[in-house]
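Below: one structure, written as C-alpha cells.
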Amino acid sequence: PVRPPVAWIKAMTSCKQRHEEEFEETAWDNYIEKNLKNEKPEVITFFKNTPKATASVHSKEASVRALSYTLNRLLMNPGLDVLNGPTNTSWFDHWQKYLESKGVEFRFESELTSFEISENKITKAEILHQGKTISINASHFLSCLPHKILENVFTNEQIQNYSLTNLRELKSGWQAGIVLYLSKPILLPKGHFGFSCSTWAISGIQQSDFWTETNLKDYVHTRKYGASLSLIIADWDAPGDLTGKPARECTLSEIIQELKFQLEKYAPEEYKNGFASMNVVDYTIDPAIHLTGDNNSGNDSPLFMNTINS
C-alpha cells in the first residue's frame, strides 16, 4: 500500500479553476518530481507509472488535470461502474432494444466514408453498407469515432476551411482489453486492480465477482467457465519480460503467456499463488485489435490520450 502524499491529495481536491488555469498546463511528471522529492523512491515510481496503467499516457505527456480526474474516479471507488453480468446481456442488448423502440435504426457492419459541409454545418454523411454507398441527411450528427479514424473522414480541404486542424494534433495510443476465462475464480480484491510497475502496465478486474447469482449460473452453464478475468494492456510498446517482444508484435498466444507471467511477477505476495495456479480455459481479445505477430498489427479503436493542453 502507498500512503497518499499531500501533493496527490491537493491534486485530487483542488477546485475547477485551479485545474483549468494551472494543472491543465502542468505535466504530471514535473508535478511529481517537484512535490514528492522527499518521498521514498518506490512512492515516486508508483505515481510516475500510474498514468501509463490508467490512461495509456506517459507521465511526461499527461496533464495533472487529466490524471487527477482519472485517478479520483478509479482510486476512490475501485468498484466503479461494474456490471452485474456479461456486458451484452446486462447492458448492450437492453440499450439496443430501448433505442430501437424510440425509432433508432442501426446499420451494423457499415463504414463512415465522408461528410458534406455547408455553411459551417454538416448536412450529409455517406456510409458504405454491404458494398453500397448510402447517403444520410440529418439536422444533427453525433460522432463517437476515435479521432484518428474521424480525421480521415474529413477531406484536407474541410479540415483547413473549418478550423479542424487541431484534430490532427491530438494524440492516441493503444489500450485494449483481453478476457481470460477461468475454470474457477481466483483470490483477488473485489474491484479494479492495477500493477502500475508491470512492464505492460496491466490493470483489470475479475468481472464475475460482481455478477448476480442468476447471471453467473447462466454463464457457467452456457460457457462452461467458472470466472471471467478482464485485463487491460496499457503499454503495447515495451518489450515483454518473457517474450522480449512488445505486445503489438506478439501473437495472441504469446500475449496470454506474457500476461500470466507478469501477473504473477508483479502481484502482491498474497495474490501470487492465485495467478500462478489459475487455469485459463479460453480467452478473447478486443475485436478492434488485429494481431499479425510482427510490427504490422493494427488497432481500429485507438484511445485518445489526455496530454497537456489537449
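Atoms considered below: every heavy atom in the structure, side chains included; atoms not considered: hydrogens, waters and symmetry mates. Predicted model only: the values in this text are computed from it and were never measured.
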Residue pair [X] / [Y], side-chain heavy-atom distance below 4.5 Å:
{"X": "Phe210", "Y": "Leu83", "value": "no"}
{"X": "Pro86", "Y": "Asn88", "value": "no"}
{"X": "Thr251", "Y": "Leu291", "value": "no"}
{"X": "Thr133", "Y": "Ile127", "value": "no"}
{"X": "Lys272", "Y": "Glu269", "value": "yes"}
{"X": "His147", "Y": "Ser172", "value": "yes"}
{"X": "Arg168", "Y": "Ile159", "value": "yes"}

With rounding to the nearest 0.5 Å, note down the distance linking [atom1] in [X] to [atom2] in [Y].
{"X": "Lys265", "Y": "Cys197", "atom1": "NZ", "atom2": "SG", "result": "11.5 Å"}
{"X": "Ile178", "Y": "Ile289", "atom1": "CD1", "atom2": "CD1", "result": "8.5 Å"}
{"X": "Leu164", "Y": "Leu150", "atom1": "CG", "atom2": "CG", "result": "8.5 Å"}
{"X": "Ile232", "Y": "Ser230", "atom1": "CD1", "atom2": "OG", "result": "5.5 Å"}
{"X": "His129", "Y": "Thr113", "atom1": "NE2", "atom2": "OG1", "result": "13.0 Å"}
{"X": "Ser135", "Y": "Glu116", "atom1": "OG", "atom2": "CD", "result": "8.0 Å"}

Would [X] and [Y] show up in the same hydrophobic cluster when neighbours are defined by side-chain heavy atoms closer than 4.5 Å?
{"X": "Phe261", "Y": "Leu180", "result": "no"}
{"X": "Leu145", "Y": "Leu170", "result": "yes"}
{"X": "Leu242", "Y": "Ile256", "result": "no"}

Where do [X] and [Y] come nearest, in terms of heavy atoms and distance?
{"X": "Ala247", "Y": "Ile255", "value": "O-CD1, 3.6 Å"}
{"X": "Trp200", "Y": "Pro239", "value": "NE1-C, 4.1 Å"}
{"X": "Ser228", "Y": "Ser208", "value": "N-OG, 3.1 Å"}
{"X": "Glu24", "Y": "Arg65", "value": "OE1-CD, 3.2 Å"}
{"X": "Ile134", "Y": "Arg107", "value": "CD1-NH1, 3.1 Å"}
{"X": "Thr123", "Y": "Phe141", "value": "C-CE1, 3.8 Å"}

Inset, instruction - If you link ILVMFWY side chains whenever their heavy atoms are less than 4.5 Å apart, which other residues fall into the same cluster as Leu142? By chain and number, please. - result: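 Its cluster partners, ordered by chain and number, are none at all.
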Inset, instruction - Among Ile, Leu, Val, Met, Phe, Trp and Tyr joined by side-chain contacts under 4.5 Å, find the other residues sharing a cluster with Leu128 and list them by chain and number. - result: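 Grouped by the 4.5 Å side-chain rule, Leu128 forms a cluster of one, so the answer is none.
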Legend entry - Of Leu187, Leu259, Leu263, the residue whose pairing with Phe275 passes side-chain contact (heavy atoms from CB on, under 4.5 Å):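 Of Leu187, Leu259, Leu263, side-chain contact (heavy atoms from CB on, under 4.5 Å) with Phe275 is met by Leu263 alone.
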Okay, side chain of [X], backbone of [Y]: is any donor-acceptor separation there less than 3.5 Å?
{"X": "His94", "Y": "Thr89", "result": "yes"}
{"X": "Gln158", "Y": "Thr155", "result": "yes"}
{"X": "Lys124", "Y": "Ile117", "result": "no"}
{"X": "Ser14", "Y": "Arg18", "result": "no"}
{"X": "Ser297", "Y": "Glu249", "result": "no"}
{"X": "Asn166", "Y": "Glu169", "result": "no"}
{"X": "Trp174", "Y": "Arg248", "result": "no"}

Legend entry - Exceeds 12 heavy-atom contacts within 6.0 angstrom, atom NZ of Lys184: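 For Lys184, atom NZ is not crowded (no more than 12 foreign heavy atoms under 6.0 Å).
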Inset, instruction - Return yes when atom CD of Glu270 has more than 12 non-hydrogen atoms of other residues, nucleotides or ligands closer than 6.0 Å, and no otherwise. - result: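 Enclosed: over 12 neighbouring heavy atoms sit under 6.0 Å from CD of Glu270.
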Applying side-chain hydrogen bond (donor to acceptor under 3.5 Å, both in side chains), can you list everything that pairs with [X], at least two apart in sequence or on another chain?
{"X": "Asn152", "value": "none"}
{"X": "His290", "value": "Asp300"}
{"X": "Lys260", "value": "none"}
{"X": "Lys245", "value": "Glu254"}

Inset, instruction - Consider only side-chain N and O atoms of Tyr266 and Asp241, and report whether a donor and an acceptor are under 3.5 Å apart. - result: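 Judged by distance alone, the side chains do pair up.
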Inset, instruction - Assess the side chains of Gln206 and Asp209: does a donor N or O sit below 3.5 Å from an acceptor N or O? - result: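 The criterion, which ignores hydrogens and geometry beyond distance, is satisfied for Asp209 and Gln206.
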Legend entry - Sequence neighbours excluded - salt bridge (charged side-chain N to carboxylate O under 4.0 Å, His left out) pairs with any residue from residues 126-154: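 Residue pairs passing salt bridge (charged side-chain N to carboxylate O under 4.0 Å, His left out), neighbours aside: none found.
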Among all residues two or more places apart in sequence or in another chain, which pass the ring pair (Phe, Tyr, Trp, His ring centres under 6.0 Å) test with [X]?
{"X": "Phe108", "value": "Phe106"}
{"X": "Phe193", "value": "Phe195"}
{"X": "Phe154", "value": "Phe115"}

Legend entry - Residue pair Thr199, Asp235: steps toward the side-chain contact (heavy atoms from CB on, under 4.5 Å) verdict: CA-CA 8 Å; Thr199 305; Asp235 192 335; over 6 Å; no
Legend entry - Partners meeting salt bridge (charged side-chain N to carboxylate O under 4.0 Å, His left out) with Lys10 (sequence neighbours left out):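 Result, salt bridge (charged side-chain N to carboxylate O under 4.0 Å, His left out) vs Lys10: none returned.
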Inset, instruction - Verify side-chain contact (heavy atoms from CB on, under 4.5 Å) between Leu229 and Leu188, making sure each step is shown before the conclusion. - result: CA-CA 10 Å; Leu229 181 63; Leu188 282 176; 3.8 Å; yes
Let me check something: any side-chain donor-acceptor pairs from residues 276-287 under 3.5 Å, sequence neighbours excluded? List them with distances.
unit_1	atom_1	unit_2	atom_2	d
Ser277	OG	Asn273	O	2.8
Ser277	OG	Gly274	O	3.4
Asn279	ND2	Ser183	OG	3.3
Asp282	OD2	Tyr225	OH	2.7
Asp286	OD1	Ala288	N	2.8

